[in-house]
Amino acid sequence: MPNVTVVGAQWGDEGKGKIVDWLAARADVVVRFQGGHNAGHTLVVGNTTYKLSLLPSGIVTGTLSLIGNGVVLDPWALKAEIEKLEGQGVKITPDNFAVADTCPLILPVHRELDVMREAAAGKGKIGTTGRGIGPAYEDKVGRRAIRVCDLAHLGELEPQFDRLCAHHDALRAGFGEPPIDRARLLADLTEIAPFVQQFAQPVWKRLRDLRKEGVRILFEGAQGVLLDVDHGTYPFVTSSNTVSGTVASGSGLGPGAAGFVLGIVKAYTTRVGSGPFPTELSDAAGQRLGERGHEFGTVTGRQRRCGWFDAVLVRQSCAISGVTGIALTKLDVLDGFETVKICTGYRLDGQELDHLPASAFEQARVEPIYEEFDGWSETTMGARRWADLPAQAIKYIRRIEELIECPVATVSTGPERDDTILVRNPFAD
Ligand code: GDP
Ligand code: IMO
Ligand code: MG
């Protein structure tokens with residue numbers, strides 16, 4: 001049975017949640033494999049809008065939803081999100097939801113450190129979501145993390161708490177903050193432990209068994225390839241690998257599990273937080289993209305920066321993440337523009353570049369080379385058949401395919417689940 005991996009191919013917020021929700025009806029299990037509750041995935045089903053940060057988007061259709069070991073898990077955020085969704089009528093039980101027992105926990109101390117660092121960095125800040133993602137991944141790699149499985153052994157964790165506190169107390173002292181209140185942390189963890197433990201299991205084993213039954217697995221990436229800690233616009237990135245290859249290490253299945261890699265690509269470009277953005281617009285066109293696209297962050301409510309489609313970046317993302325086909329989203333936002341532009345290359349110091357250079361200094365200085373198109377006055381909003389798209393919109397899509405060297409598998413024309421045109425079914429490949 002073929003699997004599908006959904007990854008963002010820009011700087012996040014490409015519409016992954018919408019596409020995962022739509023594909024979930026065709027899948028048997030949905031798996032998150034990296035990131036944490038820095039993600040904000042929006043699903044619109046009829047009159048109801050669901051905003052998910054930590055839970056896999058399959059949960060809304062009732063599809064079995066798993067959080068793999070590659071995710072950093074804030075237990076309190078998990079509880080709050082489950083309660084919020086239950087309030088919207090979504091059933092979440094150990095029968096349809098599980099978390100890996102090896103997930104590192106995001107603790108209050110991580111969130112505090114994230115926020116303190118950003119405040120101290122002033123203009124040089126990364127613009128993080130303030131959820132403690134970076135510090136939690138640092139502790140995982142530094143072997144100081146408290147993990148989901150540790151919740152069953154809180155009375156025996158002295159050495160691990162020693163390691164954690166030795167590291168954090170020194171950092172906190174540098175910010176003029178008191179040391180970690182160990183008694184309070186232990187009490188808080190003891191209180192939340194049973195809630196998390198009811199969902200905890202070896203997710204790798206569950207997936208192995210499911211795979212033997214020939215189920216279709218849908219992997220749900222968070223963030224986007226340009227926020228990948230290795231391949232993104234470092235240091236203005238998140239702290240995990242967001243590329244499709246992380247499916248293997250972040251869920252416990254081998255590298256062959258990813259299947260069809262569906263890159264989610266917005267028909268223009270947005271970014272939230274700091275960092276280079278070659279096609280960013282500060283004019284009326286940029287403002288119009290933001291307004292028509294409702295470009296405000298799902299997690300932090302921050303205004304997203306907007307710009308023209310950057311084919312250089314998406315071609316790079318597709319190559320790095322092994323994208324099989326793309327889902328082009330938010331095409332409707334471009335309706336009514338007199339002209340639309342696509343960035344086809346960069347200019348730097350008199351030279352032409354066909355890729356984004358590695359250095360942040362050069363990334364900040366590249367100038368986009370544009371191809372200009374006539375726009376379309378017809379509406380594509382809610383179009384559900386290829387034949388319903390205006391000729392100019394089709395021309396725009398075909399040019400994007402050519403430039404990014406990757407075919408379109410689906411086109412999204414509205415936030416609602418079924419505002420989707422299927423060109424090529426990723427599960428049928
Ligand atoms: P994600 O993080 O990749 O899941 O994306 P977000 O949910 O953060 O942001 C995408 C936003 O665009 C959400 O508000 C979606 O409801 C909305 N959206 C998704 N696809 C479309 C589309 O094709 N057209 C329009 N107009 N909105 C869309
Ligand atoms: P989804 O899954 C857009 C950005 C932050 C910041 C950088 C680091 O909804 O696409 P972090 O809190 O991860 O340490 O912040 O990454 N960022 C996102 N931007 N969409 C996301 O998720 C993001 N998750 C993190 O704005 O620039
Ligand atoms: Mg988002």
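Ligands are counted one by one from 1 in listed order, and the atoms in each one are counted from 1 as well. The basis for the numbers below is simple: all heavy atoms, side chains too, and nothing from hydrogens, waters or symmetry mates.
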Salt bridge (charged side-chain N to carboxylate O under 4.0 Å, His left out) between E362 and R365: does it pass, once the steps are laid out? CA-CA 5 Å; E362 290 175 349; R365 288 198 304 117; 5.3 Å; no

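By the criterion of a heavy-atom distance under 4.0 Å, the side chain of K18, and not its backbone, is placed next to ligand 1. Counting heavy atoms under 4.0 Å from ligand 1, residue K51 does not touch it at all.
Under a 4.0 Å heavy-atom criterion, H41 is in contact with ligand 2. Within the structure, ligand 2 lacks D114 among the residues with a heavy atom less than 4.0 angstrom away. Under a 4.0 Å heavy-atom criterion, K16 is in contact with ligand 2.
No side-chain donor-acceptor contact under 3.5 Å links Q392 and E378. Remark: the T380 side chain and the D332 side chain contain no N/O donor-acceptor pair separated by less than 3.5 Å.
The shortest contact between atom 13 (O) of ligand 2 and any protein heavy atom is with T238 OG1, 2.6 Å. K330 NZ, 2.9 Å is the protein heavy atom nearest to atom 12 (O) of ligand 1. Remark: minimum distance from atom 26 (N) of ligand 1 to any protein heavy atom is reached at D332 OD2, 2.7 Å. Atom 6 (C) of ligand 2 has G127 O, 3.1 Å as its closest protein atom, hydrogens excluded (heavy atom only). For atom 4 (O) of ligand 1, the closest non-hydrogen atom of the protein is G17 N, 2.8 Å. Of the protein's non-hydrogen atoms, the one nearest atom 16 (O) of ligand 1 is P415 CB, 3.5 Å.
For a distance threshold of 2.8 Å, the protein N, O or S atoms nearer than that to the Mg ion (ligand 3), listed by chain and number, are D13 OD1, G40 O.
No close placement of the Y268 and F309 rings is indicated, their centers lying 6.0 Å or farther apart.
One option in D419, L328, T42 has a heavy atom closer to atom 7 (O) of ligand 1 than any other, and that option is T42.
The A222 neighbourhood of ligand 2 comprises atoms 2 (O), with distances under 4.0 Å to a heavy atom of that residue.
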